[in-house]
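Working notes for the structure below.
Proteins come first, then strands; the chains are lettered A, B, ... in the order of their sequence lines, and each starts at number 1.
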Amino acid sequence: MNSWLVKTEPELFSFADLLAAPEQTASWDGVRNYQARNYLKAMALGDRVLIYHSSCKVPGVAGVATVVRTHYADPTQFEPASRYFDPQSTVAKPRWVAVDLRAACSLPRLVALSELRAEPALLEPRLLQRGSRLSVMPLRASEYQAIVALADRPQEG
DNA sequence: GCCAACGTTGGC
DNA sequence: GCCAACGTTGGC
């Protein structure tokens, strides 16, 4: 089983929205970056996915989900009205993929980016580097465990 | 709102 | 194929 981290802007779609969705499941669509897409393609059933809130007051990891459907053509790429519409994508040759994620558990609390940064021994620099725009990234099992452990610990300060 | 970092585009 | 310009991301 592999572990991943995906970013979302909570104003658009938050972990709470995932919890509130039918079957607590949602299509993780709208990814328009080739490297991120390739990681979506690499996701397997049952993989663990940390949901990260970006571009918000307190950026950080908000929850855990699991992959319940592996990659398929992202339907939004074919919808002209969608903000994710890609005119160069065709049904015969789709460019972009989505996966389905189901909320696995709610973390005891949000693990803020500042806390992640304070754990240099646990996190590779590639995670959440300033300027990193990668919206889907793999996590080492140790990184996943470290983040979940932080959530189980009372917030310091 | 600012700005650094990054990906993409397009001229050559 | 290079690389400058541009647009977007995302923390602060």
Side-chain angles (χ1 to χ4, degrees), chain A residues 2-21 26-43 47-65 67 71-101 103 106-140 142-151 153-157:
Chain A
N2 290 312
S3 304
W4 309 88
L5 181 144
V6 298
K7 296 183 189 176
T8 182
E9 296 184 31
E11 286 189 15
L12 296 178
F13 191 86
S14 68
F15 184 71
D17 292 327
L18 184 61
L19 286 172
S27 174
W28 209 262
D29 55 25
V31 172
R32 295 294 181 269
N33 168 282
Y34 286 105
Q35 191 179 357
R37 179 202 66 181
N38 292 342
Y39 285 137
L40 284 181
K41 286 185 174 181
M43 288 183 180
D47 278 2
R48 306 174 295 200
V49 183
L50 294 180
I51 308 296
Y52 177 89
H53 286 175
S54 67
S55 296
C56 56
K57 196 167 185 180
V58 184
V61 175
V64 186
V67 177
H71 71 91
Y72 54 94
D74 178 348
T76 64
Q77 69 194 308
F78 309 125
E79 299 167 4
S82 169
R83 64 183 296 210
Y84 302 119
F85 177 62
D86 182 347
Q88 304 197 61
S89 208
T90 64
V91 175
K93 281 189 80 175
R95 272 186 169 181
W96 309 110
V97 302
V99 298
D100 284 359
L101 298 183
S106 182
L107 291 175
R109 62 182 184 82
L110 184 129
V111 181
L113 174 60
S114 56
E115 296 177 71
L116 301 180
R117 289 234 167 95
E119 293 282 347
L122 302 178
L123 300 169
E124 287 291 304
R126 72 201 156 101
L127 177 65
L128 305 175
Q129 281 167 341
R130 179 159 170 72
S132 169
R133 297 170 54 183
L134 193 57
S135 60
V136 181
M137 68 186 77
L139 293 177
R140 298 172 199 279
S142 60
E143 292 169 338
Y144 173 89
Q145 293 296 344
I147 295 169
V148 172
L150 279 173
R153 201 182 304 164
Q155 186 152 24
E156 294 175 26

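- Judged as a side chain to side chain donor-acceptor pair (under 3.5 Å), and not counting sequence neighbours, Arg37(A) has no contacts.
- Atom P of nucleotide dG11(C) and atom NE2 of His53(A) are separated by 12 Å, given to the nearest angstrom.
- Looking at residues two or more places apart in sequence or on another chain, you find a side chain to side chain donor-acceptor pair (under 3.5 Å) between Thr76(A) and Arg32(A), Asp74(A).
- Every side-chain contact (heavy atoms from CB on, under 4.5 Å) that Gln145(A) has, sequence neighbours left out, goes to Arg48(A).
- Not one side-chain nitrogen or oxygen of Lys7(A) sits closer than 4.0 Å to the OP1 or OP2 atom of dT9(C).
- Distances shown here put a side-chain N or O of Arg117(A) below 4.0 Å from the OP1 or OP2 atom of dC12(C).
- Summarising the geometry, the separation between OH on Tyr52(A) and P on dG10(C) is reported as 8 Å, rounded to the nearest angstrom.
- Evaluation of the salt bridge (charged side-chain N to carboxylate O under 4.0 Å, His left out) rule for Asp86(A) yields Arg95(A) as partners, not counting sequence neighbours.
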Identify all pairs in which a protein N or O lies below 3.5 Å from an N or O of nucleotides 4-7 of chain C, and state each distance.
from: dG7(C); atom 1: N2; to: Arg133(A); atom 2: NH1; distance (Å): 2.5

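- Among residues two or more places apart in sequence or in another chain, the ring-ring contact (aromatic ring centres under 6.0 Å, His included) test is passed with Tyr72(A) by none.
- Note on Ser54(A): only backbone sugar-phosphate atoms sit closer than 4.0 angstrom, heavy atoms only; bases stay farther off.
- Atom CD in Glu9(A) sits roughly 11 Å away from atom C1' in dT8(C) (whole-Å rounding).
- Remark: C1' of dG11(C) and CD of Glu115(A) are 16 Å apart, rounded to the nearest angstrom.
- A salt bridge between Arg109(A) and Glu115(A) is present, with a side-chain N of the basic residue lying under 4.0 Å from a carboxylate O of the acidic one.
- One interatomic measurement links the two molecules: CD of Glu11(A) to P of dT9(C), which rounds to 14 Å at whole-angstrom precision.
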